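Everything numeric in this text was worked out from a predicted model, so none of it was measured.
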Amino acid sequence: MKKSSKLIRELLLLLGALVFLSPVYIMVVNSFKNRQELYENVIALPSEFSLQYYLDAMDKMNFMTALGNSLFITITSVIFIVILSSMTAWMLARTDNVLSKIIFMTFIATMLIPFQTLMMPLIQFMDTLSGVLPVEMLNTRGGLIYMHVGFNAGMAVFLYHGFVRSTVPISLEEAATIDGCTKFGLFWRIVFPMLKPITVTVIILNVIQIWNDFLLPSLTLTDTSLRTIPLSTFYFFGEFTIQWNLAMAGLTLTVIPVVIFYIFAQKHIIKGIGEGAVK
Amino acid sequence: MTNRMTKGWFALFTIPLLLIFVTVVIIPFLMGIYYSFFDWDGIGANPMVFVGLDNYLQLFSDTRFMDSAWITVKFTILALITVNILGVTFALLVTSALKTVNAARAMLFMPNLIGGLILGYIWQFIFTDAFKIIGEATGFESVFFNWLLNPDYSLYALVFVFTWQMAGYMMIIYIAGIQGISNDVIEASMIDGASYWQRLRKIILPLLMPSFTICLFLTLSFAFKIYDVNLSLTGGGPVNSTELFALHIYNEIFGYGNYGFGQAKAVIFFVIVAAVTLTQVYITKKREVEM
C-alpha cells in the first residue's frame, strides 16, 4: 500500500469519528455564545470564551450540591455492592446445597424484571417500611443507596459467582482453612484480592449505571437539596429551554465529570462493558 | 468445622444482601402482581376495589396502549437495523491496521457513557434550533427542519439519537468477535487471492454470527426498555406519537393516577421482556453447542 493513501485513510477515520462527536462540539461552542451570535451561526466557534453562562448555570442548577450528592450516592452504593455481592457470591459458589442454588437462581431470574414493573409497588412498600421502622426510606440519600444496592445486586452476584467458579483455586482456600483461618479471614485476606479483575468490572458497570440513573432518584427524592446531577439537569432544563446558551453550559458541566472518568479509566471501561454484555 | 458453624458463616455472608434484595426486588414484584388485580388511584385513603382480570382484559381495548405498543415495535425494528449496521461498520473500521484506530474507537464509544437524559437534551437543541438554522443557511430545508414537531419524523429522531448512543457499545462487542477470528483463515484467503469484499462476505461476516446474535438481542432489549432518551428528547410528543412502552406505563400510573391498570401494563411489560431475553439465552446456548 502506498504511504500517501494510508495517511489519507488515517485522517479520514479520525475525521469520521470527529463528525460523529459533532453534537458534543455544538453543545460546547454554543455554551459560550450570546443569543444573537448563537442564531447567526450555530456551528462557528464563539467570538469570545466568556464563562458567564457557566457561572449562571452552576448557580441555577445548584451544580456543586448536585455533584456532591451524585458522588456520595454513587461511591457509597458501589462500595456496598462490591462488599456484599462478593461475599454472597463466594459463599453461594462454595456451598453445594439446594438452598444455595435456589438463592443464586433467584438473583439471576430477577435480572429480567424491568424497573417499570417494580417502581410503583417499591415506592408503596418503602413508604410502609418508613412508617413501621425508625428509618426514613424515601427522600433520603441512605434510602436511595439501599435501593441502588438492591437493584444492582443480581448482576454483581452473577459476575462474581462466575469468576469464583472459573478462576479461584479451591485448594488454596482448603490450605488456609487447615492453617486455622476463619471464613471471614479467608475471604478478605485470600479470596477477595484474587477477585480484583472482576471487581474492576463490577465497579465500572455500576458507576455508569448509578451515576446516570434518573428514574429511581426522581421517584424517591423530593428535596431540592438532595438532587443528583440527572435530577437537577431535568428541572433546570425544564425551566431554561428558551435560553439555549445557558442550557448548553449546564449540559456541558454535567458531561465534564463523565469525560474525566473516561480519560482515567478508558481501558477498564471498554473491557468491563464487553464482559458485562457477553455474560 | 461443625455443621452449626458452617450454617452461621453462610448466614453471615449472605443475609445482609438477601435482606436488601428481598425488600427492594422480591416483595415489590409480588406486590405489583397483587396490585394489578385492583382498581386504585394511588391515594391511601381511597379504597382499592378488586376487579380480578378486568385490568388485563381492558388492555386490548385501550387504544393509547395499543398505539404505544405498535410504535414501540416500530421503533425497536428500526433501531435494530441502524444500531447494528453502524456498530459492525465501526468495528470493521477500527480493527484495520491504521494507527489512529485507538483514538477513533475511544471517540466512537464516548456517547454511550453520557446518560440518556443528557443525550436527549443535547439532541433536542440540535433538532429544534441547530437543524432549523442549518436548513436556512444551506437551503437543504427538506432535511434540516425541526424533526421533533412532526409525528413521523420525531420517531425517526428517537431512532437517530438511540443509534448514536448505542452504536459504540455494539462496536465493542463486534470488535471482540472480529479479533476472535483466526488469522490463519484470513491469511489463507489472501493467498488464494480473495478481494476485501469477498473476504468480508464469505468469511468475516459468517464467522461473526455469534456476535450478531448477542448484539441483536441486546439492542432489542435496550430499545424495548428505552425511557430516559424518550423523556428528554420528545417527552412522548407530539400528541403521544412517540410515547413508547416504558414512558406510557409511567404516565398511566403517575400521570393519570391509574395505579391498578398501569401496574397490569407493567406486568405485561415484564412478560414480554422476559420472553425476549429467555429466547436469546436459548438461542445463544444452542449455537454454542453446535459450534
Which region of [X], side chain (C-beta onward) or backbone (N, CA, C, O), has a non-hydrogen atom less than 4.5 Å from a non-hydrogen atom of chain B, or is it both or neither?
X        : value
A/Ile113 : both
A/Asn30  : side chain
A/Met137 : neither
A/Thr252 : neither
A/Ile103 : side chain
A/Ile81  : neither
A/Leu18  : both
A/Met248 : side chain
A/Thr95  : side chain

Keeping [X] on the side-chain end and [Y] on the backbone end, is there a donor-acceptor pair under 3.5 Å?
X        : Y        : result
A/Thr117 : B/Ala266 : yes
A/Gln116 : B/Tyr250 : no
A/Asn212 : B/Leu113 : yes
A/Trp211 : B/Ile114 : no

By ring-ring contact (aromatic ring centres under 6.0 Å, His included), A/Phe80 pairs with (sequence neighbours left out) none
Which atom names give the shortest non-hydrogen contact between [X] and [Y], and what distance separates them?
X        : Y        : result
A/Leu112 : B/Ala274 : CD1-CB, 4.1 Å
A/Gly150 : B/Phe21  : O-CD1, 3.8 Å
B/Ala106 : A/Gln266 : CB-NE2, 3.5 Å

Quick test of your reading: applying side chain to side chain donor-acceptor pair (under 3.5 Å), list the pairs with at least one residue in residues 20-38 of chain B, sequence neighbours left out, ordered by first then second residue. A/Tyr146-B/Thr23, B/Ser36-B/Tyr56
Run B/Tyr227 and A/Phe115 through ring-ring contact (aromatic ring centres under 6.0 Å, His included) and show every step you take. CA-CA 10 Å; B/Tyr227 177 83; A/Phe115 181 73; 8.8 Å; no
Most contact-rich option vs chain B, by heavy-atom pairs under 4.5 angstrom, among A/Val259, A/Ile208, A/Leu251, is A/Leu251
Beyond-backbone contact of B/Phe13 with A/Leu84, side-chain heavy atoms, under 4.5 angstrom: no
Once rounded to the nearest 0.5 Å, what's the spacing between atom CE of A/Met27 and atom CD1 of B/Ile126? 9.0 Å
Using the ring-ring contact (aromatic ring centres under 6.0 Å, His included) rule, take A/Phe234 and B/Tyr121 through it: C-alpha gap first, then chi angles, then the decisive distance, then the call. CA-CA 9 Å; A/Phe234 177 76; B/Tyr121 285 138; 7.1 Å; no
Chain A: which of B/Val22, B/Leu12, B/Leu231 shares the most heavy-atom pairs with it under 4.5 Å? B/Leu231
